[in-house]
Structures are given as C-alpha cells and as structure tokens.
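A quick write-up on the structure given underneath.
When reading the values below, keep in mind they use all heavy atoms of this one structure, side chains included, and skip hydrogens, waters and symmetry mates. Predicted model only: the values in this text are computed from it and were never measured.
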Amino acid sequence: MVDSEGTPQTSRRRHVARLALFVGLLAALFYLVAVQQVIDVEYVRGLVASTGALAPLTYVVVSSALGAVLVPGPLLAAGSGFLFGPLVGTFVTLGATVGTAIVTSLAGRRAGKESARALLGPQRSERIDGLIARGGLWAVVGQRFVPGISDALASYAFGAFGVPLWQMAAGAFIGSVPRAFVYTALGASIGEFSAPLAYTAIAVWCVTAVVGAFAAHRGWRSWRSGRSS
C-alpha cells in the first residue's frame with residue numbers, strides 16, 4: 001500500500017520510527033542535562049581555566065559540544081563572561097554559538113532530513129526548499145531573537161529540514177550577537193561586581209525580547225495568511 005504522497009506504508013512507518021527515535025533521544029538529553037544536571041558546568045569551567053592562554057579557544061570547543069547536548073546557552077555564555085570578561089567573552093560565546101549551530105545542524109540533517117522529506121512528500125519538500133532558498137538565513141536569524149526557544153533544538157530542526165550549513169553558521173552568528181552580549185555581560189558583571197554592566201545587559205535583553213516577540217508575531221501572521229491564500 002502507498003499513501004497519498006506515493007510513499008509505501010512500510011517505508012512511512014520506518015521514517016516515523018526514525019524521527020520518533022531522534023526526538024526521543026533529544027528529550028532524554030534535555031532531561032538529563034537541563035533537569036537532572038548531570039554535567040557539572042562549574043567543574044568544566046575550572047578545567048578550561050587551567051589551560052591558561054589557550055582557555056578561550058578551549059572554551060569555544062568545549063562549549064560548542066556542551067551546547068549540542070543541550071546544556072543551556074545562557075549558562076555557558078555567563079561562564080564565558082565570568083572567565084574572560086565582557087569583551088573577549090562575547091567573542092568566545094559567539095564562536096561557541098556558531099560551533100553548536102554547525103554540530104547540531106549536521107546531526108539533525110544526518111538523523112532526520114531523509115525521513116522528514118519522505119514524510120512530507122515531493123511537493124511539500126520542494127515548497128520548503130523554495131522557502132529556505134528565499135529566507136533560510138533570516139529564519140535562523142529571526143529564531144535567535146525569539147525568547148524561550150532553545151537554539152540547539154531549533155538548529156536540530158533546521159538541519160532536519162535541510163537548511164544549508166552556511167546559512168546556519170551565518171544566521172547563528174548574526175542573530176546571536178545581542179543575546180551573546182547580554183548573557184556574557186551578566187556573567188562578567190558577577191565576576192567584576194559591575195552594576196552598570198548588568199543594567200546594560202538587562203536593557204539589551206529587554207529590547208531583544210520585544211523585537212523577537214514582534215518578529216515572531218509578524219512571522220506567524222504571514223504564515224497564516226500564506227496558508228489561507
């Protein structure tokens with residue numbers, strides 16, 4: 001038997017099972033890392049600090065990997081600010097953010113792209129390819145401004161839908177600049193006991209959240225109008 005998109009039912013079940021396994025693994029990672037906190041971030045910071053002059057580069061690599069296993073980005077960025085200060089720490093955070101985006105996008109593409117395209121069917125897949133070609137980069141940028149969405153989980157999804165790697169890297173860098181500064185500066189303000197730096201970071205966060213909420217609202221309305229037309 002085949003479904004309405006021409007996909008054999010046995011093949012469809014296989015793709016559904018593959019995507020369900022992928023989502024289940026991400027859910028398990030989120031539970032272990034975010035809820036059970038099996039990774040001691042303070043211990044990791046100490047190890048990174050012990051590498052001396054190589055500490056910023058070490059933190060980029062380690063933080064990229066930790067972000068990919070769903071260690072919260074704000075926690076990693078705050079650690080970068082605490083260790084390296086607001087200026088160097090922001091660049092370290094941005095490097096780690098791009099690294100996580102690349103790793104998660106590649107993993108999402110490897111694990112879910114084939115199955116997602118098979119379930120969507122050729123027509124919907126072509127439509128998504130067109131949307132990505134026209135605005136994939138700005139979709140990644142916009143997602144980074146929306147509060148409350150895990151960047152790593154979003155990057156896994158972008159990878160599964162086939163967003164090109166260059167768009168993921170460039171979009172993650174561009175869209176993460178405000179929040180990278182915010183969380184890094186907050187971490188630095190703790191280490192330096194700088195109230196003005198903390199107030200500045202909070203003000204930037206508020207502006208970013210408002211812009212992100214407005215962009216998400218407009219994107220949702222545009223998507224709804226596109227569906228109804």
Side-chain angles (χ1 to χ4, degrees), residues 41 44 48 54-110 113 128 131-188 197 200-216 218-219:
V41 178
V44 172
V48 170
L54 294 177
L57 180 59
T58 303
Y59 200 80
V60 168
V61 175
V62 172
S63 187
S64 297
L66 292 177
V69 296
L70 306 183
V71 173
L75 189 62
L76 297 172
S80 175
F82 185 83
L83 288 174
F84 309 116
L87 181 59
V88 175
T90 296
F91 285 100
V92 170
T93 297
L94 285 171
T97 298
V98 173
T100 295
I102 291 173
V103 171
T104 51
S105 175
L106 287 173
R109 178 185 294 266
R110 176 86 179 194
K113 182 181 177 182
I128 288 175
L131 291 172
I132 291 173
R134 291 193 300 271
L137 171 64
W138 300 113
V140 178
V141 173
Q143 176 272 312
R144 299 280 163 157
F145 276 83
V146 179
I149 298 179
S150 167
D151 293 337
L153 288 177
S155 296
Y156 279 118
F158 280 131
F161 280 105
V163 174
L165 198 59
W166 75 267
Q167 290 185 357
M168 287 301 310
F173 181 86
I174 296 170
S176 296
V177 170
R179 282 195 295 169
F181 167 75
V182 167
Y183 295 121
T184 304
L186 286 174
L197 184 59
T200 301
I202 292 170
V204 173
W205 184 90
C206 290
V207 172
T208 302
V210 171
V211 171
F214 178 75
R218 288 202 61 179

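In plain terms, the two heavy atoms of G67 and L76 that are nearest each other are N-CD1, 3.7 Å. Contact between L165 and S105 at its shortest, heavy atoms only, is CD1-OG, 4.1 Å. Shortest non-hydrogen contact noted between L70 and A152 is CD2-CB, 3.6 Å. Residue A68 comes nearest to T104 through the heavy atom pair CA-CG2, 3.7 Å, listed as atom of the first residue, atom of the second, then distance. Considering all non-hydrogen atoms of both residues, V60 and V92 come closest at CG2-O, 3.7 Å. Between A139 and F158 the shortest heavy-atom distance is O-CZ, 3.8 Å.
Distance CG/L87 to CZ/F181: 10.0 Å, rounded to 0.5 Å. Here CG of L197 is found 7.5 Å from CG of L186. Values are rounded to the nearest 0.5 Å. In this structure, F91 CZ and L94 CG are separated by 7.5 Å, a value rounded to the nearest 0.5 Å.
Contact check for Y59 versus F84: side-chain heavy atoms found under the 4.5 Å cut-off. The shortest side-chain heavy-atom distance between T208 and R179 falls under the 4.5 Å cut-off.
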Show which side-chain atoms of residues 140-149 pair as donor or acceptor with protein atoms under 3.5 Å away, not counting sequence neighbours.
residue, atom, partner, partner atom, Å
Q143, NE2, D151, OD1, 2.9
R144, NH1, D151, OD2, 3.4
R144, NH1, S176, OG, 3.4
R144, NH2, S155, OG, 3.1

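Listed by first and then second residue, the side-chain hydrogen bond (donor to acceptor under 3.5 Å, both in side chains) pairs involving residues 79-98 are S80-T93, T93-T184 (not counting sequence neighbours).
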